[in-house]
Colleague: 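Pasting in a structure now, in structure tokens, and then I'll have a few things to ask.
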Amino acid sequence: MPPRIPLAQAARCCQSSIAPSSRPQSLVSLFAALSVQTRSVSILSSLSDNAGAYHKRIRKGRGPSSGYGKTAGRGTKGQGAHGKVKPWFQGGQTPLIVSHGRKGFINHMAPEMSVLNVDKLQLWIDTSRIDATKPITPRELIRSGIVGSTVKDGIKLLARGGEKLKTPVDITVSRASVSAIEAVEAAGGKILTRFYTKEAIRRLVKGESVHTDKPLPVGPEHVEEVLEQARSAPKHFYRLPDPTGRWDIEYYRDPAHRGYLSHTLQPGESPSLYFKVPGAGTKVNKAKAQGTVTVADPKLF
């Protein structure tokens, strides 16, 4: 610590230097006043390293003061103190993965969806970051930043804050929960789910594709019409893809999901490609229905 000056002596020096004097002071008194050490504050007690220049690390086996001396946190005796034990070693017993097996799996092919909640959509509309008077597609959602700038396999609408949605919107997303569909339609809006891929959304954002809610017509009679539309366009645009997997086709054929392929269903037809509606297409025995079945004579021989 630096030497400190007593308060009484410091006050006396300051008073003598400030008070006016009628007689001239000698050179000895002036040099004596200059030799007095004055320090307003001590900076030595507040010295420290720059931020990030010092990183505290645990020094094991360097004495008991750190709490990790002597055995360095490894305990006494045993395999853990003498050598290295692998993290998956279970003491010699039959490993749990052998006795119970592997449970479940990770689907690496599952699409990764960007999540959009209804309350955030209303906030973006209130702040004029999304125009609710025009149809809202993934292009507008990504450009507004409501789902971030990272393009994923699609956008799913969820119903958090569904009671806050007061503006009717015409929105198209990849998927939507049942509560989100109810919230949008309760506000007087319209919701449609359409199939997208990551590359299709990228092309939409760049303006290389034109958004449409109609699938590509299937059949040889539509070939000329589709080609004529492509030839007459002033610029080449990539068409949006349609689902090819069974799960995706069934999802977008379902009217409950507001799928864009639901108009392809016939009256009474199931969205499933495999299961049929109970009672549809079952054969009825006319003889049993009319009650004209003849019972044979119950003879054994």
Colleague: Would you please classify the geometry between the Phe195 ring and the Tyr252 ring as parallel, tilted or perpendicular, with 30° and 60° separating the classes?
Modeller: perpendicular
Colleague: Under 4.5 Å between side-chain heavy atoms, counting indirect links through other Ile/Leu/Val/Met/Phe/Trp/Tyr residues: same cluster for Ile191 and Leu261 or not?
Modeller: no
Colleague: In Å, rounded to the nearest 0.5 Å, how long is the span from CD1 of Ile201 to CG of Asp153?
Modeller: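 Spacing of CD1 (Ile201) from CG (Asp153) equals 7.5 Å.
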Colleague: Between Arg202 (side chain) and Thr197 (backbone), is there a donor-acceptor pair under 3.5 Å?
Modeller: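 Not a single qualifying donor-acceptor pair exists.
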Colleague: Distance check, rounded to the nearest 0.5 Å: Ser99 atom OG versus Gln93 atom CD?
Modeller: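 Rounded to the nearest 0.5 Å, the OG-CD separation comes out at 7.5 Å.
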Colleague: Looking at every non-hydrogen atom in both residues, tell me the closest pair between Thr172 and Pro138 and how far apart they are.
Modeller: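 Minimum heavy-atom contact is O-CD, 3.4 Å.
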Colleague: State the OG-CG distance between Ser174 and Asp248, to the nearest 0.5 angstrom.
Modeller: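 Here the rounded value is 10.0 Å.
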Colleague: Are Arg194 and Asp242 side-chain neighbours, meaning at least one heavy-atom pair lies under 4.5 Å?
Modeller: yes
Colleague: Please report the interatomic distance CG(Asp170) to CD1(Ile136), rounded to the nearest 0.5 Å.
Modeller: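 These two atoms lie 8.0 Å from each other.
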Colleague: Which pair of non-hydrogen atoms, one from Ser114 and one from Val147, has the smallest distance, and what is that distance?
Modeller: CB-CB, 4.2 Å
Colleague: How close do Pro241 and Ala200 get, heavy atom to heavy atom, and via which atoms?
Modeller: CD-CB, 3.6 Å
Colleague: Please confirm whether the backbone N or O of Ala256 pairs with a side-chain atom of Asp254, one donor and one acceptor, at under 3.5 Å?
Modeller: yes
Colleague: For Glu163, is there any backbone N or O sitting under 3.5 Å from a side-chain donor or acceptor partner on Lys166?
Modeller: yes
Colleague: Report yes or no: does Gln90 contribute a side-chain atom to a donor-acceptor pair with the main-chain N or O of Leu96 at less than 3.5 Å?
Modeller: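 Yes; at least one donor-acceptor contact below 3.5 Å.
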Colleague: Report whether Leu192 and Leu121 are members of the same hydrophobic cluster (ILVMFWY, side-chain heavy atoms less than 4.5 Å apart, transitive linking).
Modeller: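 Different clusters: Leu192 never reaches Leu121 through Ile, Leu, Val, Met, Phe, Trp or Tyr contacts under 4.5 Å.
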Colleague: If you define the side chain from C-beta out and look only at heavy atoms, does anything of Tyr251 sit under 4.5 Å from Thr193?
Modeller: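 SC-SC contact between Tyr251 and Thr193 confirmed.
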Colleague: Do Ile249 and Tyr260 land in one hydrophobic cluster if side-chain heavy atoms of ILVMFWY residues count as linked below 4.5 Å?
Modeller: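 Cluster IDs for Ile249 and Tyr260 differ.
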Colleague: Would Arg258 and Glu185 count as a salt bridge (charged side-chain N to carboxylate O under 4.0 Å, His left out) if you check the C-alpha gap in whole Å, the side-chain angles of each, and the deciding distance to 0.1 Å?
Modeller: CA-CA 11 Å; Arg258 305 302 186 265; Glu185 294 179 348; 2.7 Å; yes
Colleague: Would Arg160 and Asp119 count as a salt bridge (charged side-chain N to carboxylate O under 4.0 Å, His left out) if you check the C-alpha gap in whole Å, the side-chain angles of each, and the deciding distance to 0.1 Å?
Modeller: CA-CA 6 Å; Arg160 186 190 68 190; Asp119 57 350; 3.1 Å; yes
Colleague: Determine, stepwise, if the pair Ile130 / Val169 fulfils side chain to side chain contact (heavy atoms under 4.5 Å, CB included).
Modeller: CA-CA 10 Å; Ile130 290 181; Val169 294; over 6 Å; no
Colleague: Considering only heavy atoms from C-beta outward, does the side chain of His263 approach that of Pro215 to under 4.5 Å?
Modeller: yes
Colleague: Let me confirm one number: the CD1-CD1 distance from Ile146 to Ile125, rounded to the nearest 0.5 Å.
Modeller: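 With rounding to 0.5 Å, CD1 (Ile146) is 8.0 Å from CD1 (Ile125).
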Colleague: Applying side chain to side chain contact (heavy atoms under 4.5 Å, CB included), run through Leu204 and Glu199 and close with a yes or a no.
Modeller: CA-CA 9 Å; Leu204 271 178; Glu199 186 63 27; over 6 Å; no
Colleague: In this structure, which one of Lys152, His211, Arg175 forms a side chain to side chain donor-acceptor pair (under 3.5 Å) with Tyr196?
Modeller: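 Considering Lys152, His211, Arg175, a side chain to side chain donor-acceptor pair (under 3.5 Å) with Tyr196 is found only for His211.
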Colleague: Gly188 and Pro168: which non-hydrogen atoms are nearest, and at how many Å?
Modeller: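 In terms of heavy atoms, the two residues are closest at O-CB, 3.5 Å.
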Colleague: Using the ring of each side chain (for Trp, its six-membered ring), is His236 parallel, tilted or perpendicular to Tyr238, with breaks at 30° and 60°?
Modeller: perpendicular
Colleague: For the pair Arg253 (side chain) and Ser270 (backbone), establish whether a donor and an acceptor sit closer than 3.5 Å, ignoring hydrogens and angles.
Modeller: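 Checking the backbone N and O of Ser270 against the side chain of Arg253, a donor-acceptor pair under 3.5 Å is found.
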Colleague: Take Val118 and Lys164, measure what side chain to side chain contact (heavy atoms under 4.5 Å, CB included) needs, and give me the verdict at the end.
Modeller: CA-CA 8 Å; Val118 176; Lys164 298 181 181 179; over 6 Å; no
Colleague: With side chain to side chain contact (heavy atoms under 4.5 Å, CB included) as the criterion, how do Val226 and Arg239 come out once you've worked through the C-alpha distance, each side chain's angles and the decisive distance to 0.1 Å?
Modeller: CA-CA 11 Å; Val226 173; Arg239 71 173 184 88; over 6 Å; no
Colleague: Hydrogens and angles aside, do Arg129 and Thr127 bring a side-chain donor and acceptor to less than 3.5 Å of each other?
Modeller: yes
Colleague: Answer yes or no: does atom CD1 of Ile106 have more than 12 heavy-atom neighbours from other residues, nucleotides or ligands under 6.0 Å?
Modeller: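 No, because the 6.0 Å sphere around CD1 of Ile106 holds 12 heavy atoms or fewer from other groups.
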Colleague: Same hydrophobic cluster for Leu158 and Leu123, using side-chain heavy-atom links shorter than 4.5 Å among ILVMFWY?
Modeller: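 No, because Leu158 and Leu123 fall into different hydrophobic clusters, even though each may have its own neighbours under 4.5 Å.
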Colleague: Are Leu141 and Ile155 packed together at the side-chain level, in the sense that at least one heavy-atom pair is separated by less than 4.5 angstrom?
Modeller: yes
Colleague: Between Ile181 and Ala176, which heavy-atom pair has the shortest distance, and what is it?
Modeller: CG1-CB, 3.9 Å
Colleague: For Ala159 and Ala180, work out which heavy atoms get closest and say how close.
Modeller: CB-N, 3.4 Å
Colleague: Got a sec: does the CD of Glu112 have more than 12 other heavy atoms crowding it under 6.0 Å?
Modeller: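 Open: at most 12 neighbouring heavy atoms sit under 6.0 Å from CD of Glu112.
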Colleague: Nearest 0.5 angstrom please: Lys103 NZ to Ile97 CD1, how far?
Modeller: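 So the gap between those two atoms works out to 10.5 Å.
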Colleague: Can you tell if the side chain of Ile58 reaches within under 4.5 Å of the side chain of Ser66, non-hydrogen atoms only?
Modeller: no
